[in-house]
Structure formats: C-alpha cells, structure tokens
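This one's a predicted model, so the numbers in the text were calculated from it and none came from an experiment. Quick note: numbers below take in every heavy atom, side chains included, and nothing from hydrogens, waters or symmetry partners.
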Amino acid sequence: AHCFVIDFIIGSLVPTGRKVCDMATVAQIMNKKPQSVGPTTSVRGAAKKMRTLRVSSLLIKKGKNHVGIVTDTDLVRKGLATNQDVGKLTVEQVMTSPLCTIESNQDVDDAQDMMGDLGVRHLAVTKGGSIVGVVSVRDLLMHYKRYAQSRLADKQTYSEPKISQD
C-alpha cells in the first residue's frame, strides 16, 4: 500500500512487493530526546521553549508521569484562536490528553497509519511502558524522502525543478 505510493513517486508503476516499513522502525526515526514542561507552564512559555529548541511539541509531565502533549497546533487552535486570555492559559488547558503512543519496535508505516486514523501529528514512543521518544509527521516525511532519494540514486539522477517568478 504505502510502498506503491513511494514507488509511483520515483517512477515505477509496479509495486516492488516490499513495504517501506521493512527498512525502519519508529525507534530509528524518532526524536530520542523529547522535551517536557510541567502542566502549569504558560502557553507563552511553552511556545518560547518550542521556538528555542526548534521542536513542534512538548510532553507534559506531572510528577513522574507524562499526562499529555502540547503541539504547535494545540497552541494555535486551543489557545490563540479562542477568546481566552492567552496570558493566563496554561499548557494543561490546551494539551492533548491522553497521549497517543506507539511501541518503538513498530514499523514506520504503522506510525503513519496511526497518525492518520487518530488525526494527530505526534506520537509518544514507548519501550517497555516508558516513553523513550516522540515521532512526528515531519520525521515520517523525512524518512520517506530519504527512502525515495535512495531509490532514485539507484535508477536515475533527479534534479529539482527550477522555480522562477513571473
């Protein structure tokens, strides 16, 4: 299924029979150092931390437990786009909870399917019940891009289209 899409992009209309996920697990493409904040962190403070760290999500940690995730989308849709006073909002009020999780040994395609089914762009990655990372839709995109480019390198050269202004 997903293999066909990648093979079509690189010019083959015949599926290879191999799934892209045969080559990678979630553990191989995830962010292995997920960042977290406490539930009383302000929305503005979380946004600044995300900008500084160049990440699109932060796990919300209450004591020793992760209780949710706040993403750039949460900040916009549940914070800025509401009539609430953003200066008084905390991440606990806009976070997504409970966490959507995937096991680290699952295939990359499983992560893509899960994100699509759940309508989320980030999954907490677990191993033995503990969170060991976060995988984002961007991580998946970069994985599939590298895969497609490696297949292109085997078959042909590829040049970026030239884009000019009218």
Side-chain angles (χ1 to χ4, degrees), residues 1-37 46-62 64-78 91 94-163:
H2 301 298
C3 181
F4 181 80
V5 172
I6 297 298
D7 285 342
F8 178 76
I9 290 171
I10 61 174
S12 171
L13 294 175
V14 180
T16 63
R18 287 185 326 183
K19 286 180 72 180
V20 173
C21 66
D22 292 339
M23 290 180 273
T25 63
V26 173
Q28 293 171 300
I29 68 163
M30 71 181 182
N31 174 352
K32 293 169 181 64
K33 296 182 179 176
Q35 300 295 314
S36 60
V37 293
K48 287 180 180 180
K49 184 169 184 171
M50 290 166 69
R51 179 187 63 198
T52 300
L53 297 172
R54 298 179 54 87
V55 296
S56 57
S57 68
L58 297 168
L59 294 173
I60 309 305
K61 196 167 187 175
K62 200 177 219 178
K64 294 183 180 181
N65 299 319
H66 290 97
V67 295
I69 188 169
V70 66
T71 67
D72 45 9
T73 303
D74 291 329
L75 296 179
V76 171
R77 293 184 182 169
K78 299 175 188 174
V91 292
V94 299
M95 71 181 180
T96 298
S97 182
L99 281 170
C100 300
T101 63
I102 188 166
E103 276 292 316
S104 63
N105 62 351
Q106 286 190 257
D107 294 327
V108 170
D109 282 357
D110 293 337
Q112 177 184 338
D113 291 342
M114 187 178 283
M115 286 180 188
D117 292 345
L118 297 173
V120 298
R121 298 179 189 178
H122 298 82
L123 296 171
V125 181
T126 58
K127 184 173 183 176
S130 298
I131 293 177
V132 295
V134 171
V135 64
S136 70
V137 71
R138 182 181 190 89
D139 298 325
L140 295 176
L141 179 63
M142 295 306 294
H143 166 71
Y144 289 127
K145 178 182 174 188
R146 284 190 300 272
Y147 174 78
Q149 287 173 334
S150 73
R151 295 289 309 248
L152 278 174
D154 295 342
K155 293 185 178 185
Q156 62 189 355
T157 58
Y158 171 79
S159 61
E160 290 287 332
K162 303 269 189 274
I163 300 173

Under 3.5 Å, which donor-acceptor pairs do the side chains of residues 95-106 form with other protein atoms, sequence neighbours left out?
{"residue": "T96", "atom": "OG1", "partner": "D74", "partner atom": "OD1", "Å": "3.1"}
{"residue": "T96", "atom": "OG1", "partner": "D74", "partner atom": "OD2", "Å": "3.2"}
{"residue": "T96", "atom": "OG1", "partner": "K78", "partner atom": "NZ", "Å": "3.4"}
{"residue": "S97", "atom": "OG", "partner": "V67", "partner atom": "O", "Å": "2.6"}
{"residue": "E103", "atom": "OE2", "partner": "T126", "partner atom": "OG1", "Å": "2.9"}
{"residue": "Q106", "atom": "OE1", "partner": "E103", "partner atom": "N", "Å": "3.2"}

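- Under the side chain to side chain donor-acceptor pair (under 3.5 Å) criterion, S56 pairs with H122, sequence neighbours left out.
- Residues satisfying the salt bridge (charged side-chain N to carboxylate O under 4.0 Å, His left out) criterion with K49, sequence neighbours excluded, are absent altogether.
- Here the closest non-hydrogen pair linking V135 and D139 is CA-OD2, 3.4 Å.
- T71 OG1 to L59 CG: the interatomic distance, rounded to the nearest 0.5 Å, is 11.5 Å.
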Notebook entry, point to check: So D110 and V26, side-chain contact (heavy atoms from CB on, under 4.5 Å) or not? Walk me through it.
Noted result: CA-CA 9 Å; D110 293 337; V26 173; 5.9 Å; no
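- The shortest heavy-atom contact between A27 and K32 is O-NZ, 3.1 Å.
- With values rounded to the nearest 0.5 angstrom, M142 atom CE is found 7.5 Å from Q149 atom CD.
- Atom CG of residue L123 and atom CD of residue Q112 lie 11.5 Å apart, to the nearest 0.5 angstrom.
- Rounding to the nearest 0.5 Å gives a distance of 8.0 Å between CG of D107 and OG1 of T25.
- Between V134 and P34 the shortest heavy-atom distance is CG2-CB, 3.6 Å.
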Next item on the list: Assess whether side-chain contact (heavy atoms from CB on, under 4.5 Å) is satisfied between M50 and D72, documenting all intermediate values.
Entry: CA-CA 8 Å; M50 290 166 69; D72 45 9; 4.0 Å; yes
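- Between K61 and H66, the closest heavy-atom pair is CD-NE2, 4.0 Å.
- Here the side chain of N65 pairs no donor or acceptor atom with the backbone of K62 at under 3.5 angstrom.
- Residues M115 and V137 approach most closely at CE-N, 3.8 Å, considering heavy atoms.
- In this structure, the side chains of V37 and I60 come closer than 4.5 Å at one or more pairs of heavy atoms.
- No side-chain heavy atom of V108 sits under 4.5 Å from any side-chain heavy atom of Q28.
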